[in-house]
Amino acid sequence: MSRQDGPIYQQIATVLRAELGQYQPGDFLPSEMRLAERFQVNRHTVRGALQVLEQESCILRIKGKGAQVLGSLLSYPLSQNTAYSSWFEANGHNVRTCLVAKRSRLATAVEVKHLALSEGDSLLEFKTLRFLEGEAVSLISHCFALRHQLMLEQYQNGSMRDHLRSYGHELERVFSAIGARLPSVDEAARLRMAVNQPVLTVETLSRDQHGHPIELAFTVSRSDRFRYHVVM
């Protein structure tokens, strides 16, 4: 490699980018030491090349493990009646949802407004972690009024919408508000991502077939693996 062709780290990034097709999503690139030996450069230069690929969402650098190859972005259509798990399963993806926490807590002003609660009321919060093709991509906080406690007691994992349907509630989306921010330390750890990488956020209110607000969900998704498109 010659400096006349541009920065060495950029040249290395170009070579590695062209070779990504040899890997499956989830595979790891050779270690920094092996790459430094291969390209006859120091590890600092290799890190510069890997940083370029990470900024392009081609890889994810995981401390203590190395540079993991990422797949293409997953795209989910937001419309009134789309359901996450059902949509991805219908499109050939392997979906798994695990319950990671549940608690009763005081409702915030936003939750009081949307769930038709009274000031000072408590609510039920279920936090789930969603995996696509075995990779954690979304962390979701599902919030419900305490009056729904009985039908939620048996929920352990899987689609929350399917669980609510089994109790006679057919949900539809009232609104979804999309945003972006940096993840908390806990969110980054659960989603196996860097704390300086942005996440996509979605706040969604769903009502049942009778027009009653049932669920207010707050979703945090990896922006390097996931995107939303709005269906009008």
Side-chain angles (χ1 to χ4, degrees), residues 25 71-105 107 110-111 114-117 121-179 186-187 190-192 199-223 225-232:
S72 58
L73 281 173
L74 297 159
S75 185
Y76 174 61
L78 276 179
S79 67
Q80 189 175 39
N81 295 309
T82 51
Y84 190 116
S85 296
S86 299
W87 191 89
F88 276 108
E89 287 175 349
N91 284 273
H93 294 279
N94 178 29
V95 185
R96 179 167 60 93
T97 303
C98 297
L99 178 65
V100 296
K102 61 180 178 180
R103 62 172 175 163
S104 174
R105 62 169 174 80
V110 169
E111 293 158 349
H114 292 310
L115 292 175
L117 305 177
D121 280 356
S122 292
L123 55 68
L124 296 170
E125 180 184 28
F126 289 72
K127 187 166 289 188
T128 61
L129 186 59
R130 189 163 286 158
F131 297 81
L132 284 174
E133 313 303 339
E135 181 181 17
V137 294
S138 299
L139 185 64
I140 309 162
S141 292
H142 311 260
C143 300
F144 304 91
L146 284 177
R147 60 181 174 271
H148 300 306
Q149 183 171 0
L150 186 61
M151 71 174 179
L152 293 165
E153 285 180 348
Q154 301 303 314
Y155 177 78
Q156 295 296 326
N157 52 55
S159 168
M160 182 64 78
R161 279 206 173 199
D162 287 349
H163 179 80
L164 296 173
R165 184 178 296 113
S166 70
Y167 284 83
H169 294 282
E170 293 287 345
L171 297 192
E172 65 177 14
R173 187 176 285 105
V174 178
F175 72 79
S176 287
I178 303 173
D186 177 68
E187 290 167 345
R190 292 187 184 277
L191 294 173
R192 298 185 64 184
V199 291
L200 297 173
T201 63
V202 181
E203 175 186 342
T204 298
L205 177 65
S206 297
R207 64 190 176 194
D208 65 12
Q209 65 270 33
H210 306 295
H212 302 140
I214 299 294
E215 177 194 34
L216 184 62
F218 301 91
T219 302
V220 176
S221 299
R222 282 175 51 167
S223 61
R225 298 297 293 115
F226 205 85
R227 68 179 179 182
Y228 295 94
H229 67 269
V230 178
V231 179
M232 305 301 290

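- Between H163 and Y167, the ring planes are tilted. Angles from 30° to 60° get that label.
- Rounding to the nearest 0.5 Å gives a distance of 10.0 Å between CG of L115 and CG of D121.
- Between L132 and V95, the closest side-chain pair of non-hydrogen atoms falls below 4.5 Å.
- No side-chain heavy atom of S221 sits less than 4.5 Å from a side-chain heavy atom of Y76.
- Residues P213 and V174 are not in side-chain contact: their nearest non-hydrogen atoms beyond the backbone lie 4.5 Å or more apart.
- Heavy-atom minimum distance, L164 versus M151: CD2-CE, 3.5 Å.
- Looking at every heavy atom in both residues, F131 comes nearest to L129 through CZ-CD2, 3.5 Å.
- Looking at E203 and L216, their side chains come closer than 4.5 Å, going by heavy atoms from C-beta outward.
- In this structure the side chain of L124 never reaches within 4.5 angstrom of the side chain of H148, judged on heavy atoms.
- Within the 4.5 Å cutoff, the side chain of T204 has no heavy atoms near those of the H114 side chain.
- Rounding to the nearest 0.5 Å gives a distance of 6.5 Å between NZ of K127 and CZ of R190.
- For E153 against Q156, the heavy-atom pair with the smallest separation is O-NE2, 4.4 Å.
- For the pair T82 (side chain) and P77 (backbone), a donor-acceptor distance under 3.5 Å is present.
- Between S85 and T97 the shortest heavy-atom distance is OG-OG1, 4.0 Å.
- Of the inter-residue distances, the one linking Q209 atom CD with E172 atom CD reads 9.0 Å to the nearest 0.5 angstrom.
- Annotation: the span from I214 atom CD1 to E170 atom CD amounts to 11.5 Å, rounded to 0.5 Å.
- L117 and S122 make their closest contact through CD1-O, 4.5 Å (heavy atoms, listed as atom of the first residue, atom of the second, distance).
- Note that CG of D162 and CG of L171 are 10.0 Å apart. Values are rounded to the nearest 0.5 Å.
- Among V202, V137, L200, L191, the one residue that satisfies the side-chain contact (heavy atoms from CB on, under 4.5 Å) test with V220 is L191.
- The distance from the CZ atom of F144 to the OG atom of S206 is 9.0 Å, given to the nearest 0.5 Å.
- Proximity of F218 to E125: side-chain heavy atoms (C-beta onward) are nowhere separated by under 4.5 Å.
- Between T219 and Y228 there is a side-chain heavy-atom pair separated by less than 4.5 Å.
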Legend entry - Chi angles and distances behind the side chain to side chain contact (heavy atoms under 4.5 Å, CB included) call for E215, F126: CA-CA 11 Å; E215 177 194 34; F126 289 72; over 6 Å; no
